[in-house]
Amino acid sequence: MDLPFHVASHLDSALRASASRLGLNGRGFQPELRVADPAHGDYQANGALAFAKREKQNPRAFAQQLVDALDASIQGQFEVTLAGPGFINFRIKADVLLGWLGRFDSEEHLRTGASSARSGQTWVVDYSSPNTAKQMHVGHLRSAVIGEALCRLLTLNGARVIRDNHLGDWGTQFGKIIYGYKRWADPAALAADPIEELERVYQLGHAATPADSAELDEARVELVKLQAGEAGNVALWKKFSEVSWGAFQEIYDRLGIKFDHVLGESFYNDKVDRVYRELAESGLAEISDGALVVFHSEHPRFKTQPFLVRKADGASNYAATDLATALYRAEHFHADGIAILTDFRQADHFEQLFLTVQKWFAARGYRQPELHHVSFGAVTGEDGKALKTRDGGTIKLKALLDEAVERAFALVTEKSPDLPEAERREIARTVGIGAVQYSDLSQNRSSNYVFSWDKMLALDGNTAPYLLYAVARVHSIFRKAGLDPTHPPLAGATPPETPQELALARRLVQFADAVQSATNQLRPHFLCLYLFELAGAYSAFYAADKVIVDDPAVRARRLLLCHRTLITLETGLHHLGLRTLERM
RNA sequence: GUCCCCGUAGCUCAGCUGGAUAGAGCAUCGGUUUUCUAAACCGAUGGUCGCGUGUUCGAGUCACGCCGGGGACGCCA
């Protein structure tokens, strides 16, 4: 029997079947399969230890029973060994490795293998979500980059993914922008660099309307006029949205992001009344100090800390639109899962939101989507505070990307001076943007980090250039040998033999596990780490074993390893949102 | 005051539901190119996992307390 795409779940089923043969159904045996330290095997099962402990058995003897009861085909595919107090180790036999590599022979087949995990599911991913009338700065990078990677990973796992950009295009700041615009907008500057000018008048408007001032009241009047549909202000609002979107689109194009929907807060303006009504009818919401709030009596803190869904003046707020948004996504998109990417400071808000949604939907009998707040740490300056440039402004995302490409261009020019300039420019774009994306993706999203140009634009170590370089070297082999890398002649390939061949082949099979854990935990860094290790295994193989040799069997099996490394690295990188290169 | 997140090598970080000798990259030191891209490879140095107590066959991982950093807590989003 052939090894399936996801070897760990194959072993998981085999061990469960084995436990069942031992008459252990319903006793809660969990195999606990995981990728092993290569010193011990390819996969290990630790579940015998926990189970034996609970059942007061000798763990080593119990593990032995499990192994003895394994289906015979498992013994044919793996070297199965016991170690220590009862770890079960599995090492895939070399000819079985070759069989797996033979079947998963293209990006398409890798996708097919991965797609069973979430086929039939619909996911709405809410990411980027900048505020209109402001430029994106480094703080906006994480949501966009991580969000896009998760979209692609969910797609790879077979889900239908809806990319939704929940723009901050409504609310009190618009009163201030209109206030500032009407007084200080400069038509010439607006024509030259619209988003820059818009941001300037917003900042002026904000500064001119301090709390409890007559100016702030005037700004509020502008907002009321806008919300009441007054033609002049509505036209201004549309103009602000268009200008902002133009600037955002430029960034999205460079990052390879394309949204299916841009349903900003304004879209939900007329959908909040239903939220108020249904929350009140189901007894979830109450009036407190004139505002409509939800308490969660079972929660240690939210029993006293309210979730404020409508302000005392009757106006809607963030919570109201988020509730309306959740309902829209469940009803209109039939979402099975909703992932919202914002920084960790909104953790409380989303915890309250999700609790409220669950109770509300339950009361109404609406079907419940899985709700995930995909939070990430802040990008801060050296002082741990909000990031500022030397002159006190924020670092614009556009400038960051430009600098990344510039640095990559200097490097490619130094390393490959013979390539034509146009190609070096193209390489610099891919390497520079990829480095920025990868620096964000490769780190556990939960942690904060201190911004540094060098860190963000690092070009060695566990970085995009290292991975892209490995890809380019594979392409180079095919180019030198005069072979088409999409259909290389691989007939007659023998199973991997040398230590480097074996290590590489074993790593290739684990792509399935990396994609799985990255997607299930909504943490792309697991895939990054895998790809980095794969590229390392390839580099070691490349240094140790020459590919283009005379012996046809050796040559075929090494070309096969090169080709599978290529498709795996490319599939992985593409599903993180990066582009790849044939030469650099 | 209540609650949340973080604290691992000189620096930046991995460590998946407790599992085998705590791993990478950068930096430092040494080696590798008549052979497919040296943006590479091989090796070395470097750790009381913030501190303490506890839970158990086993704790970086779980519980409690403390120290340090960040954050959220009623009409911003």
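It should be emphasised that the depicted structure is a prediction, and the values quoted were computed from it without experimental measurement. Chain letters run A, B, ... following the sequence lines, proteins first and then strands; every chain starts at 1.
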Quiz item: Do the ring planes of A:Y538 and A:Y542 sit parallel (below 30°), tilted (30 to 60°) or perpendicular (above 60°)?
Solution: tilted
Quiz item: P atom, B:C13 versus B:C57: distance in rounded Å?
Solution: 37 Å
Practice problem: Could you work out which one of B:A39, B:A40, B:A14 sits closest to the side chain of A:Q443? | Solution: B:A14
Quiz item: Using a cut-off of less than 4.0 Å, is there contact between a side-chain N or O of A:K311 and OP1 or OP2 of B:C75?
Solution: no
Quiz item: When rounded to the nearest Å, what value does the distance between P atoms of B:U17 and B:U61 take?
Solution: 13 Å
Quiz item: Once the angle between the rings of A:Y328 and A:Y268 is folded into 0 to 90°, is it parallel (under 30°), tilted (30 to 60°) or perpendicular (over 60°)?
Solution: perpendicular
Practice problem: May I ask you to say whether A:D273 pairs ionically with A:R310, meaning some side-chain N is under 4.0 Å from a carboxylate O? | Solution: no
Exercise. Ignoring hydrogens and angles, answer whether the base of B:G58 and the side-chain atoms of A:K53 contain a donor-acceptor pair closer than 3.5 Å.
Key: yes
Quiz item: Parallel, tilted or perpendicular: which fits the ring planes of A:H349 and A:Y318, with parallel below 30° and perpendicular above 60°?
Solution: parallel
Quiz prompt | RNA chain B: 5'-proximal contact among A:L33 and A:P465 (nearest heavy atom) | solution = A:L33
Self-check item: Base-paired stems that RNA chain B participates in, counting runs of 3 or more Watson-Crick or G-U pairs under 3.5 Å
Solution: B:1-7 with B:67-73, B:10-13 with B:23-26, B:28-32 with B:40-44, B:50-54 with B:62-66
Quiz item: Rounded to whole angstrom units, what separation is found between the CZ atom of A:F344 and the C1' atom of B:C4?
Solution: 10 Å
Practice problem: Report which part of the nucleic acid A:N444 touches: base, sugar-phosphate, or nothing (heavy-atom distance under 4.0 Å, all strands). | Solution: sugar-phosphate
Exercise. By nearest nucleotide on RNA chain B, pick out whichever of A:N46 and A:V35 is the more 5' one.
Key: A:V35
Exercise. Would you indicate what A:A540 reaches in the nucleic acid, counting non-hydrogen atoms under 4.0 angstrom: base, sugar-phosphate, or nothing?
Key: sugar-phosphate
Quiz item: Pick from A:Y469, A:Y438, A:Y466, A:F526: which one makes a ring pair (Phe, Tyr, Trp, His ring centres under 6.0 Å) with A:F532?
Solution: A:Y466
Quiz item: Counting any heavy atom closer than 4.0 Å, what does A:S288 reach on the DNA or RNA strands: base, sugar-phosphate only, or nothing?
Solution: base
Practice problem: Rounded off to whole Å, could you give me the CZ-to-P distance for the A:F267 and B:A77 pair? | Solution: 19 Å
Quiz item: So what does A:L459 touch, heavy atoms closer than 4.0 Å: a base, only the sugar-phosphate, or nothing?
Solution: nothing
Exercise. Give one of base, sugar-phosphate or nothing for A:R34, where a contact means two heavy atoms less than 4.0 Å apart.
Key: base
Practice problem: Looking at every strand, decide which applies to A:N462 at a 4.0 Å heavy-atom threshold: base, sugar-phosphate, or nothing. | Solution: sugar-phosphate
Quiz item: Using the C1' atom in both, what is the distance from B:C4 to B:A38, to the nearest Å?
Solution: 48 Å
Using nucleotides 26-37 of chain B, report all nitrogen or oxygen pairs with the protein that are shorter than 3.5 Å.
residue, atom, partner, partner atom, Å
B:U35, O2', A:K546, NZ, 3.1
B:C36, O3', A:K480, NZ, 3.3
B:C36, O2, A:I548, N, 3.2
B:C36, N3, A:V547, N, 2.8
B:C36, N4, A:Y542, O, 2.7
B:C36, N4, A:D545, O, 2.8
B:U37, OP1, A:S476, OG, 2.1
B:U37, OP2, A:S476, OG, 3.1
B:U37, OP2, A:K480, NZ, 2.3
B:U37, O2', A:Y469, OH, 2.4
B:U37, N3, A:M584, O, 3.1
B:U37, O4, A:M584, N, 3.1

Exercise. Look at A:H525 and B:C16 and indicate whether a side-chain polar atom (N or O) is within less than 4.0 Å of OP1 or OP2.
Key: no
Quiz prompt | Given A:D12, A:D513, A:N89, the one that forms side chain to side chain contact (heavy atoms under 4.5 Å, CB included) with A:Y43 | solution = A:D513
Exercise. Using a heavy-atom cut-off of under 4.0 Å over every strand shown, decide if A:V549 touches base, sugar-phosphate, or nothing.
Key: nothing
Quiz item: In terms of the angle between their ring planes, are A:Y530 and A:F511 parallel, tilted or perpendicular, with boundaries placed at 30° and 60°?
Solution: tilted
Quiz item: For B:G25, does OP1 or OP2 lie under 4.0 Å from any side-chain N or O of A:Y438?
Solution: no
Exercise. Would you kindly give the NE2-to-C1' distance between A:H349 and B:A77, to the nearest whole Å?
Key: 8 Å
Quiz item: Say you pick atom C1' in B:U21 and the same atom in B:G69; how far apart are they, in whole Å?
Solution: 32 Å
Quiz prompt | A:N317 side chain to A:L308 backbone, donor-acceptor under 3.5 Å | solution = yes
Quiz item: Contact class for A:R301 (heavy atom, under 4.0 Å): base, sugar-phosphate, or nothing?
Solution: base
Quiz prompt | Straight-line distance of A:D440 CG to A:L141 CG, nearest 0.5 Å | solution = 5.0 Å
Quiz item: How many Å lie between CG on A:D37 and P on B:A20, as a whole number?
Solution: 9 Å
Quiz item: Do A:E570 and A:H475 come within less than 4.5 Å of each other through their side chains, counting heavy atoms only?
Solution: yes
Quiz item: Given the C1' atoms of B:U48 and B:G74, what is the spacing between them in whole Å?
Solution: 47 Å
Quiz item: How is A:Q44 classified with respect to the nucleic acid when contacts are heavy atoms under 4.0 Å: base, sugar-phosphate, or nothing?
Solution: base
Practice problem: Using a 4.0 Å heavy-atom cut-off across all strands, classify A:N58 as base, sugar-phosphate, or nothing. | Solution: nothing
Quiz prompt | Between B:C62 and B:C26 - C1' atom distance, rounded Å | solution = 33 Å
Practice problem: Output, in order, the C-alpha distance, side-chain angles, deciding distance and verdict of salt bridge (Lys or Arg N to Asp or Glu O under 4.0 Å) for A:R555 and A:D551. | Solution: CA-CA 6 Å; A:R555 178 185 162 114; A:D551 183 332; over 6 Å; no
Quiz item: On a whole-Å scale, what distance lies between the P atoms belonging to B:G60 and B:G19?
Solution: 10 Å
Practice problem: With P as the reference atom in both, quote the distance from B:G10 to B:C51 in angstrom, rounded to an integer. | Solution: 13 Å
